[in-house]
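Below is one structure, written out as structure tokens; comments come after it.
The analysis underlying the following values was restricted to heavy atoms, covering all of them including side chains, and did not include hydrogens, waters or symmetry mates.
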Amino acid sequence: WNFGGSTHQGVETSLEWRPLSALTLQASYTGNRLTFDDDDVDEIDVPGGPEDEDLDGNRIPGVPDHRFFVSATGELQNVWVRASVRTLSDYYADNANTAVSEGYTLTDIRIGLTGLQLAEAELRPYAEVSNLFDVTHNGSVSLNAGDDFFEPGPQRAFKLGLTMTI
């Protein structure tokens, strides 16, 4: 669907700081304000809305106004631990701005080892708990999909992994 004009305003920023040699702090923020702004769009039958819906001023669906990420990684000898939190604000799931995907905050914890060798390869095993607090959230949103907008995101998950560098 091509709906004519739109206005995109936003800001992105990120910061990484090492207050100690064994501690890294990271943060990032993205702010968006995306709107339809063309009067020509009022002649289009909008999926998810009444016929001939006027979209002028409506938010473009699928993009949250705010995204925030923060993490802290600590290292002690060959062990590291990372805690991270990411937050998304509410956002619309349709052009008519009648369906809303609720915002959420997810927390992940990962612990791993470094400095392990196997022949010429460096091994870095890790364990992770994602969605630590088992927050119910929409993992995927199908825009303008009628009554089937939202697909659930993953529940709390436990993962084991291995990174190998040759």
Side-chain angles (χ1 to χ4, degrees), residues 1 6 8-35 47-48 59-166:
W1 295 90
S6 62
H8 298 233
Q9 298 172 323
V11 62
E12 289 183 299
T13 186
S14 65
L15 172 70
E16 181 173 306
W17 181 39
R18 291 188 70 109
L20 306 169
S21 63
L23 179 63
T24 303
L25 304 174
Q26 295 177 306
S28 64
Y29 171 78
T30 302
N32 292 298
R33 183 163 176 83
L34 288 67
T35 57
R59 301 308 272 274
I60 295 175
V63 182
D65 286 353
H66 307 281
R67 284 182 196 259
F68 182 70
F69 173 83
V70 64
S71 72
T73 303
E75 301 172 37
L76 182 59
Q77 296 177 344
N78 67 333
V79 177
W80 58 270
V81 176
R82 177 180 304 130
S84 62
V85 177
R86 63 185 182 274
T87 298
L88 271 69
S89 64
D90 295 353
Y91 61 95
Y92 291 107
D94 65 341
N95 294 331
N97 289 178
T98 58
V100 176
S101 179
E102 292 183 17
Y104 57 87
T105 298
L106 300 180
T107 303
D108 302 330
I109 300 283
R110 186 180 275 202
I111 185 169
L113 299 174
T114 60
L116 301 176
Q117 291 293 131
L118 179 63
E120 297 296 316
E122 178 188 357
L123 304 177
R124 294 185 304 275
Y126 64 87
E128 178 178 353
V129 180
S130 57
N131 193 1
L132 180 66
F133 300 112
D134 204 20
V135 174
T136 300
H137 65 287
N138 293 323
S140 178
V141 175
S142 298
L143 303 180
N144 298 307
D147 292 332
D148 297 322
F149 292 107
F150 310 112
E151 298 176 22
Q155 297 174 324
R156 180 184 305 120
F158 301 91
K159 304 172 189 176
L160 296 175
L162 177 68
T163 302
M164 181 168 56
T165 304
I166 299 176

message: Just so I know, are the side chains of Trp17 and Thr24 near enough to count as touching, which here means a heavy-atom distance under 4.5 Å?
response: no
- request: Please report the closest heavy-atom contact between Ser142 and Asp148, naming both atoms and the distance.
  value: CB-O, 4.0 Å
query: Do Tyr91 and Val141 come close enough that some side-chain heavy atom pair is under 4.5 Å?
result: yes
task: Indicate whether any N or O donor in one side chain lies under 3.5 Å from an N or O acceptor in the other, for Thr87 and Thr105.
output: yes
message: Quick check: closest heavy atoms across Ala145 and Phe149, and the distance to 0.1 Å?
response: N-CE2, 3.3 Å
task: Keeping the roles fixed (side chain from Asn144, backbone from Asn95), state whether a donor-acceptor pair exists under 3.5 Å.
output: yes
- prompt: Is any side-chain heavy atom of Glu122 closer than 4.5 Å to a side-chain heavy atom of Met164?
  reply: no
- prompt: Does a side-chain heavy-atom distance below 4.5 Å link Ser84 with Val70?
  reply: no
statement: When rounded to the nearest 0.5 Å, the distance separating OG1 of Thr136 from CD of Glu102 is 10.0 Å
- request: Provide the closest heavy-atom pair for Asn138 versus Tyr104 in the form atom of the first, atom of the second, distance.
  value: O-CE2, 3.7 Å
query: Could you give the distance from CG (Leu34) to CD1 (Ile60), rounded to the nearest 0.5 Å?
result: 5.0 Å
task: Please check if atom CZ in Arg33 has more than 12 non-hydrogen atoms from other residues, nucleotides or ligands closer than 6.0 Å.
output: no
query: Can you tell me if Thr114 and Asn78 form a side-chain donor-acceptor pair at under 3.5 Å?
result: no
task: Answer yes or no: is there a side-chain heavy-atom contact under 4.5 Å between Asp90 and Pro64?
output: no
task: Look at the side chain of Asp108 and the backbone N and O of Asn131, then say whether any donor-acceptor pair between them is shorter than 3.5 Å.
output: yes
- prompt: So how far is it from Arg18 CZ to Thr73 OG1, rounded to the nearest 0.5 Å?
  reply: 9.0 Å
- prompt: CG of Leu118 to CG of Leu162: how many Å apart, nearest 0.5 Å?
  reply: 9.5 Å
task: Test side-chain contact (heavy atoms from CB on, under 4.5 Å) on Val11 and Thr30 and set out the steps.
output: CA-CA 6 Å; Val11 62; Thr30 302; over 6 Å; no
message: Does either side chain, that of Arg67 or that of Ser28, offer a donor lying less than 3.5 Å from an acceptor on the other one?
response: no
message: Return the CG to OG1 distance between Asp134 and Thr107, rounded to the nearest 0.5 Å.
response: 11.5 Å
- prompt: Hey, does Ser130 have a side-chain heavy atom less than 4.5 Å from the side chain of Arg156?
  reply: no
field: Derivation and outcome, side-chain contact (heavy atoms from CB on, under 4.5 Å), residues Ser6 and Thr35
entry: CA-CA 6 Å; Ser6 62; Thr35 57; over 6 Å; no
task: Verify side chain to side chain donor-acceptor pair (under 3.5 Å) between Arg124 and Thr165, making sure each step is shown before the conclusion.
output: CA-CA 8 Å; Arg124 294 185 304 275; Thr165 304; 3.1 Å; yes
message: So which atom in Tyr92 and which in Thr98 form the shortest heavy-atom distance, rounded to 0.1 Å?
response: CD2-N, 4.4 Å
- prompt: If only atom types and distance count, is the side chain of Glu75 paired as donor or acceptor with the main-chain N or O of Val79 below 3.5 Å?
  reply: no
- prompt: Is it true that a side-chain atom of Asn97 and a backbone atom of Asp94 form a donor plus acceptor pair closer than 3.5 Å?
  reply: yes
- prompt: Measuring from Thr13:OG1 to Leu15:CG, what's the distance to the nearest 0.5 Å?
  reply: 7.5 Å
field: Pair His66-Tyr29, side-chain contact (heavy atoms from CB on, under 4.5 Å): steps then yes or no
entry: CA-CA 7 Å; His66 307 281; Tyr29 171 78; 2.4 Å; yes
- request: With the side chain counted from C-beta on, respond yes when Glu16 and Leu25 share a heavy-atom pair under 4.5 Å apart, and no when they do not.
  value: no
- prompt: Under 3.5 Å, is there a donor-acceptor pair linking the side chains of Ser71 and Arg82?
  reply: no
message: Tell me whether Gln117 at atom CD has more than 12 heavy atoms from other residues, nucleotides or ligands lying less than 6.0 Å away.
response: yes
task: Give a yes/no verdict on a cation-pi contact between Arg86 and Phe69, requiring under 6.0 Å between NZ or CZ and the six-membered ring centre and an angle within 45° of the axis.
output: no
